[in-house]
Protein chains: 2
Amino acid sequence: MRHVEFPDQTCSIARALEIVGERWTLLVVREAFFGTRRFGDFEAALGIAKNVLSDRLAKLVARGVLGRTSVVGRGNPGDYHLTAKGKDLFPIIIALMQWGDRWGDGEPPVRVVERASGDEIAPMRVTSQEGAALALREVAILPGPGADEAMRRRFGA
Amino acid sequence: MRHVEFPDQTCSIARALEIVGERWTLLVVREAFFGTRRFGDFEAALGIAKNVLSDRLAKLVARGVLGRTSVVGRGNPGDYHLTAKGKDLFPIIIALMQWGDRWGDGEPPVRVVERASGDEIAPMRVTSQEGAALALREVAILPGPGADEAMRRRFGA
DNA sequence: CGGTATCCCATTTGATACTG
DNA sequence: CAGTATCAAATGGGATACCG
């Protein structure tokens, strides 16, 4: 395996996966969304090896997904919490959860509800600016401003 | 590493990641969304080793994310295409792409637009049934019908 | 073209022990 | 409690060669 995760990929998904694509990483992030803040709680909830957890947390902090808060009355470095960048993973976490629920076997282990009403949240959908759901065939892929030559050739001028 | 990817996880995200969480897998799926159908095209677009690509495609087929279509005039097994289960990964792919664009450096390599209008698609959001965007603090996690004892203890009765 | 079979090595993982 | 250090074993990845 090379050191760079996905070499030569000009792709936003590859870029995202270089940050959250490692094994265990998204489960650590999920735990953070569930409110877990302490090393030992991550460890217990995930059943992950300590060194791996340590590595994942450190990387998530280094990459700006998690931050640390010092806690009064505790000498340790402090709790982990989602940064704005981390909280912005919310749609990804929810989309994964919903897909897992729809296509996995068994009932959903957790429900995500609107706090105010108690209603289940809506299924994640790709929509137009006006909010209309878009199927795959209703969208087109075009080269963006950051497209390299290969991309431009591929998706038309 | 154990054989089971994420042992003892009662979690929809873990279930999803057991299918699409392996290295390269989501990039293969992305390619499928971009319209790639043939082994050699995946290979060229991704710069992935043949054996790894072979493995990922086989697993995606085995897990129902991709299907194969026989192509007339070609003796080979046939093209790969997204199944309904695969197409349902659309929100995940788009959410990852948008997050990578927002938080990565550099301009977006590709744009996803509504075919009819040419407008960019909307950012993925977690919403209520009525379509109102929900922030993290506006939702609650509750044990679902498939929750095990630990889950129930954790998220309240 | 579309793979499969082999080989080798870098990485990763998890267990255990240890430390402030 | 919150990690770091060490280590053996498994795995994953890429390269190459081969095949229908």
Side-chain angles (χ1 to χ4, degrees), chain A residues 1-9 14 17-29 31-32 35-63 66-81, chain B residues 1-9 14 17-29 31-32 35-63 66-81:
Chain A
M1 189 192 307
R2 308 206 210 159
H3 197 199
V4 178
E5 289 245 325
F6 298 112
D8 312 324
Q9 297 286 334
L17 292 178
E18 284 187 28
I19 299 185
V20 296
E22 228 166 352
R23 218 168 106 83
W24 286 113
T25 298
L26 273 173
L27 295 184
V28 171
V29 170
E31 272 309 304
T36 301
R37 294 178 156 273
R38 300 177 62 170
F39 189 94
D41 293 337
F42 282 104
E43 193 186 358
L46 294 171
I48 182 179
K50 293 176 96 161
N51 54 349
V52 177
L53 175 59
S54 179
D55 177 79
R56 294 302 180 275
L57 287 170
K59 278 182 181 160
L60 284 170
V61 170
R63 290 160 184 180
L66 296 181
R68 311 204 63 172
T69 342
S70 45
V71 177
V72 292
R74 189 139 43 89
N76 290 314
D79 285 3
Y80 298 92
H81 62 92
Chain B
M1 189 190 308
R2 307 204 210 158
H3 196 200
V4 177
E5 288 245 325
F6 298 112
D8 313 323
Q9 296 287 333
L17 292 178
E18 282 188 29
I19 300 185
V20 296
E22 228 166 351
R23 220 168 104 84
W24 285 115
T25 299
L26 273 173
L27 295 183
V28 171
V29 171
E31 272 311 303
T36 301
R37 294 176 157 275
R38 301 178 60 170
F39 189 94
D41 293 337
F42 282 104
E43 193 186 358
L46 293 171
I48 184 181
K50 292 176 95 161
N51 53 349
V52 178
L53 175 59
S54 178
D55 177 78
R56 295 301 181 275
L57 287 170
K59 278 182 181 160
L60 284 170
V61 170
R63 292 161 182 178
L66 297 180
R68 312 204 63 171
T69 342
S70 46
V71 176
V72 292
R74 190 139 44 88
N76 291 314
D79 284 3
Y80 297 91
H81 63 90

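Hydrogens, waters and symmetry mates play no part in the numbers below; they use all other heavy atoms, side chains included. Bear in mind that the values here come from a model prediction, so they are computed numbers and not experimental data. In the text below, chain A, chain B and the rest are named by the order of the sequence lines, each starting its count at 1.
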Item to check | Whole-Å distance separating the CG atom of A/Leu53 from the C1' atom of C/dT13 | outcome: 13 Å
Checklist entry - C/dA5 P sits how many Å from B/Asp55 CG, rounded? => result 12 Å
Item to check | B/Phe42 side, atom CZ; B/Ile48 side, atom CD1 - distance, nearest 0.5 Å | outcome: 10.0 Å
Checklist entry - For C/dT12, does OP1 or OP2 lie under 4.0 Å from any side-chain N or O of B/Arg23? => result no
Checklist entry - Would you say A/Trp24 reaches C/dG14's phosphate, i.e. side-chain N/O to OP1/OP2 under 4.0 Å? => result yes
Next on the checklist: Please classify the nucleic acid contact of B/Tyr80 as base, sugar-phosphate, or nothing, using heavy-atom distances under 4.0 Å.
Outcome noted: sugar-phosphate
Next on the checklist: When you measure from the side chain of A/Arg63 to the backbone of A/Ala58, do you find a donor-acceptor pair of N or O atoms at a distance under 3.5 Å?
Outcome noted: no
Item to check | Intermediate values then yes/no, salt bridge (Lys or Arg N to Asp or Glu O under 4.0 Å), A/Lys59 and A/Asp55 | outcome: CA-CA 6 Å; A/Lys59 278 182 181 160; A/Asp55 177 79; 3.3 Å; yes
Checklist entry - Roughly how many Å is it from CD1 in A/Ile48 to P in C/dT13, rounded to a whole number? => result 8 Å
Checklist entry - Rounded to whole angstrom units, what separation is found between the CZ atom of B/Arg56 and the C1' atom of C/dG2? => result 18 Å
Checklist outcome for this item: The residue, B/Phe39 or B/Asn51, whose nearest nucleotide of DNA chain C is more 5′ is B/Phe39
Checklist entry - Would you say D/dC1 has OP1 or OP2 under 4.0 Å from some side-chain N or O of A/Arg38? => result no
Checklist outcome for this item: note: A/Leu66, atom CG; D/dG3, atom C1'; distance rounded to Å ~ 16 Å
Checklist entry - Looking at side-chain heavy atoms only, is the closest gap between B/Val61 and B/Arg68 below 4.5 Å? => result yes
Item to check | Interatomic distance, B/Arg37 CZ vs C/dC1 C1' [rounded to whole Å] | outcome: 17 Å
Item to check | Cation-pi check, B/Arg23 onto A/Phe6 ring (under 6.0 Å, within 45° of axis) | outcome: yes
Checklist entry - Taking CD from A/Glu43 and C1' from D/dA2, how many angstroms apart are they, rounded to a whole number? => result 9 Å
Item to check | Closest-nucleotide 5' rank along DNA chain D - winner of B/Lys50 and A/Asp41 | outcome: A/Asp41
Item to check | B/Glu22 or A/Leu57, whichever maps to the more 5' nucleotide of DNA chain D | outcome: A/Leu57
Next on the checklist: Tell me whether the side-chain N/O atoms of A/Ser54 come closer than 4.0 Å to OP1 or OP2 in D/dT4.
Outcome noted: yes
Checklist entry - Rounding to a whole Å, what distance do you find between A/Arg68:CZ and D/dC1:C1'? => result 12 Å
